[in-house]
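As the structure is a prediction and not an experimental result, all values here were calculated from the model. A note on names: the letters A, B, ... follow the listed sequences, proteins ahead of strands, and every chain is numbered from 1.
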Number of protein chains: 2
Amino acid sequence: MPNDHETGFIPSGENRPALTVDVVIFALYNNDLKVLLVKRPSAPFKDSWALPGGFVKTSESLEDAAARKLAEETGVTAVYTEQLYTFGAIDRDPRMRIVTVAYFALVPYESVAVQITHAKPDGSARWFSLKDRPDLPFDHPKIVDYALQRLRYKLEYTSVGFQLLPDEFTLSQLQKAYEIVLDEPLDKRNFRRKILAAGVIEETGEKTKEGEGRPARLYKYGDDSVAEIKSRRLFP
Amino acid sequence: MPNDHETGFIPSGENRPALTVDVVIFALYNNDLKVLLVKRPSAPFKDSWALPGGFVKTSESLEDAAARKLAEETGVTAVYTEQLYTFGAIDRDPRMRIVTVAYFALVPYESVAVQITHAKPDGSARWFSLKDRPDLPFDHPKIVDYALQRLRYKLEYTSVGFQLLPDEFTLSQLQKAYEIVLDEPLDKRNFRRKILAAGVIEETGEKTKEGEGRPARLYKYGDDSVAEIKSRRLFP
DNA sequence: TCAAAAGTGTTCCGAATACACCCATGA
DNA sequence: TCATGGGTGTATTCGGAACACTTTTGA
């Protein structure tokens with residue numbers, strides 16, 4: 001017996017699940033991994049902190065929708081964004097059937113903080129520590145947990161960690177970023193050897209000017225840095 | 001400025017993308033990796049071979065929708081199924097905006113072949129070799145490619161390969177399955193050592209009765225076999 | 001007794017790990 | 001001159017890869 005799709009039947013209007021995107025936006029600040037949450041201005045869960053998200057327009061792709069939400073909340077564009085998973089439990093939203101495509105994004109804190117403060121002086125968007133996050137509505141806790149798991153996984157197997165730092169950074173900063181996200185200390189010499197062996201960052205030739213101690217070399221990541229290091233995991 | 005989601009505005013009817021699931025169903029047969037395709041009975045791409053798929057009902061979860069399509073096409077239930085990716089380019093379907101959540105499934109060929117022949121004697125569903133597949137409509141080629149990539153990845157890093165075999169199997173059959181999917185020969189002794197070290201299969205105590213040569217021990221996979229071997233990849 | 005497939009250990013090599021001291025700068 | 005963080009090499013261990021012969025059965 002042919003089914004709906006095969007017969008060309010298309011369910012219309014209210015017989016379709018609605019479709020949203022939610023974005024888990026990570027940044028590093030103050031030696032801590034932060035996630036960006038927004039305050040819900042309306043029911044359900046009015047005034048709860050929740051993941052930024054919204055309905056997908058028929059005129060935009062999923063990636064565009066995620067990038068739009070990211071830009072609306074942070075003002076930044078062209079940061080690392082990756083589809084996470086699509087959540088579609090029938091009761092995940094009390095209003096109606098809503099399926100959400102979750103994305104996660106990595107942004108350099110410095111490029112976002114000011115814009116949030118300026119664009120949202122009402123405090124409707126805020127960074128929260130992952131270790132001290134508020135109760136989240138819907139299935140957002142599950143989404144955040146999954147995003148964190150994926151971030152750690154990506155960090156171990158790929159070069160994606162650079163995306164949390166400014167354009168130029170020192171190896172110590174990079175190591176610190178990895179340590180914060182993975183929540184474990186790393187050996188300095190081994191870290192440097194592996195990161196440099198991966199060949200995805202290059203010296204700028206500059207050194208840090210300020211700060212105590214010996215000035216550090218500055219590095220930047222190449223254009224191919226978004227590409228994954230499929231061949232071997234960076235940190236086992 | 002608050003956006004749609006935040007103000008509680010819900011787009012209705014035709015302003016929502018439609019939502020489908022598509023399932024890439026893999027099986028092994030005749031020393032080859034096969035994918036199940038169905039013949040489209042209606043426009044667009046009438047009579048083309050395409051991935052089994054259909055609209056998500058508002059009363060079923062995404063997993064349920066995928067399982068339903070799988071059961072409709074193969075008659076089997078409770079096989080390994082995993083969400084692959086969600087494809088949402090705006091022009092991926094010429095009719096209208098349709099977002100599809102792709103799944104991939106691994107089925108033991110023996111448990112499906114008869115059911116297809118009986119349930120679909122019109123030949124509207126068929127196994128195709130991945131090396132000799134017909135041109136597919138929509139973005140289905142991309143979906144199949146991605147599913148194959150993910151299957152290979154999963155096979156290297158997890159124990160999921162058992163799902164392509166019948167309940168009881170020999171180590172040689174298992175190795176053959178891995179070799180077919182990965183498309184490369186594997187060392188017998190290393191394969192056995194690693195598979196057994198993973199601890200996810202156990203001897204049944206039985207041996208094969210028929211066939212040439214020395215009878216082989218039969219193995220089955222434990223209840224936890226669906227769980228991933230996160231700790232270490234099986235085959236580098 | 002032969003063909004055909006099952007079963008079994010060891011060596012080698014490369015990568016990951018653990019580990020401690022000197023260097024450059026500003027206060 | 002000292003406090004602070006930057007920068008460097010080696011020995012050991014462990015896991016992956018390569019590799020060939022014996023065993024069991026049916027014909």
Side-chain angles (χ1 to χ4, degrees), chain A residues 30-31 153 155-159 161 165-166 168-180 182 184-220 229-236, chain B residues 31 152-153 155-159 161 165-166 168-180 182-199 201-220 229-236:
Chain A
N30 207 10
N31 284 344
Y153 182 87
L155 220 57
E156 286 173 340
Y157 284 91
T158 76
S159 67
L165 295 175
E168 300 198 344
F169 51 87
T170 69
L171 289 183
S172 294
Q173 289 175 314
L174 185 60
Q175 181 177 343
K176 191 73 190 170
Y178 274 78
E179 288 176 335
I180 292 169
L182 298 177
E184 64 182 6
L186 299 172
D187 180 84
K188 182 160 65 166
R189 281 171 292 191
N190 293 339
F191 178 86
R192 286 166 185 241
R193 192 182 311 115
K194 285 182 212 163
I195 281 287
L196 293 175
V200 289
I201 64 173
E202 43 191 73
E203 287 190 50
T204 64
E206 305 292 307
K207 295 197 174 194
T208 50
K209 284 295 182 185
E210 55 208 39
E212 306 185 50
R214 175 175 169 176
R217 293 181 230 201
L218 284 169
Y219 290 81
K220 59 177 177 167
I229 304 172
K230 282 283 184 196
S231 50
R232 198 178 312 115
R233 60 190 304 187
L234 281 175
F235 303 98
Chain B
N31 284 345
R152 286 183 170 149
Y153 182 88
L155 220 58
E156 286 173 340
Y157 283 90
T158 76
S159 68
L165 295 175
E168 300 197 346
F169 51 87
T170 68
L171 289 183
S172 292
Q173 288 175 316
L174 185 60
Q175 179 177 345
K176 192 74 189 169
Y178 275 77
E179 288 176 336
I180 292 168
L182 298 177
D183 198 25
E184 63 181 7
L186 298 172
D187 180 85
K188 182 158 65 163
R189 282 171 290 189
N190 293 339
F191 179 86
R192 287 166 184 241
R193 189 182 315 114
K194 286 181 210 167
I195 280 287
L196 294 174
I201 65 173
E202 44 191 72
E203 287 190 51
T204 64
E206 305 291 307
K207 294 197 174 196
T208 50
K209 285 296 183 186
E210 53 207 42
E212 305 186 49
R214 175 175 172 176
R217 294 181 228 199
L218 284 169
Y219 290 80
K220 59 178 177 166
I229 304 173
K230 283 282 184 193
S231 50
R232 198 178 311 115
R233 58 190 304 187
L234 282 174
F235 303 99

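- Neither OP1 nor OP2 of C/dA5 sits under 4.0 Å from any side-chain N or O of B/S172.
- For the side-chain contact (heavy atoms from CB on, under 4.5 Å) criterion with A/K176, the lone passing option out of A/L186, A/N31, A/T170 is A/N31.
- Here B/L196 contributes atom CG and B/F191 contributes atom CZ; the two are 9.0 Å apart, rounded to the nearest 0.5 Å.
- Distance, B/K194 NZ to C/dT8 C1': 16 Å, rounded to whole Å.
- The CG atom of B/L186 sits 13 Å away from the C1' atom of D/dG16 (whole-angstrom rounding).
- Residue pairs meeting the salt bridge (Lys or Arg N to Asp or Glu O under 4.0 Å) criterion with at least one partner in residues 205-219 of chain B, sequence neighbours excluded, are B/E203-B/R217.
- Contact check for A/Y219 versus A/I195: no side-chain heavy atoms found under the 4.5 Å cut-off.
- Take B/R193 and apply the side-chain hydrogen bond (donor to acceptor under 3.5 Å, both in side chains) test, not counting sequence neighbours, and it matches B/N190.
- A/T204 contributes a side-chain N or O that, together with a main-chain N or O of A/L218, makes up a donor-acceptor pair within less than 3.5 Å.
- The shortest non-hydrogen separation linking B/P215 to B/T208 is CB-O, 3.3 Å.
- Residue B/R217 is in sugar-phosphate contact alone, with no base atom involved, counting any heavy-atom pair closer than 4.0 Å across all strands shown.
- Taking atom CD of residue B/E210 and atom C1' of nucleotide C/dA5, one finds them 15 Å apart after rounding to whole Å.
- Rounding to the nearest 0.5 angstrom, the gap separating the NZ atom in A/K194 from the CZ atom in A/R189 is 13.0 Å.
- The CD-P distance, from B/E156 to D/dG16, rounds to 13 Å in whole Å.
- Residue A/E206 contributes atom CD, which lies 17 Å from atom P of D/dG6 at whole-angstrom precision.
- One can place CZ of A/F191 at 13 Å from P of C/dT17, the figure rounded to the nearest angstrom.
- Rounded to whole angstrom, the span from the CD1 atom of B/I195 across to the P atom of D/dA17 amounts to 14 Å.
- A/I201 CD1 to A/L171 CG: the interatomic distance, rounded to the nearest 0.5 Å, is 5.0 Å.
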Pull out every protein N or O sitting under 3.5 Å from an N or O of nucleotides 9-11 of chain C, one pair per line with the distance.
from, atom 1, to, atom 2, distance (Å)
C/dG9, O6, B/R193, NH2, 3.0
C/dG9, N1, B/R189, NH1, 3.4
C/dT10, O4, B/R193, NH2, 3.1

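- In this structure, the CZ atom of A/R192 is 22 Å from the P atom of C/dA15, given to the nearest Å.
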Produce a footprint string for nucleotides 21-27 of chain D: one letter per nucleotide, 5' end first; B if the base is under 4.0 Å from any protein heavy atom, S if only the sugar-phosphate is, - if neither.
--BBB--
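- Remark: B/E179 pairs with B/Q175 by the side-chain hydrogen bond (donor to acceptor under 3.5 Å, both in side chains) rule, at least two apart or across chains.
- Across the helix from C/dT1-D/dA27 to C/dA27-D/dT1, the helix axis at one end is tilted relative to the axis at the other end by 10° (nearest 10 degrees, each axis from five pairs).
- For the pair B/K220/B/P166, no side-chain contact is recorded, criterion being any heavy-atom separation below 4.5 Å from C-beta on.
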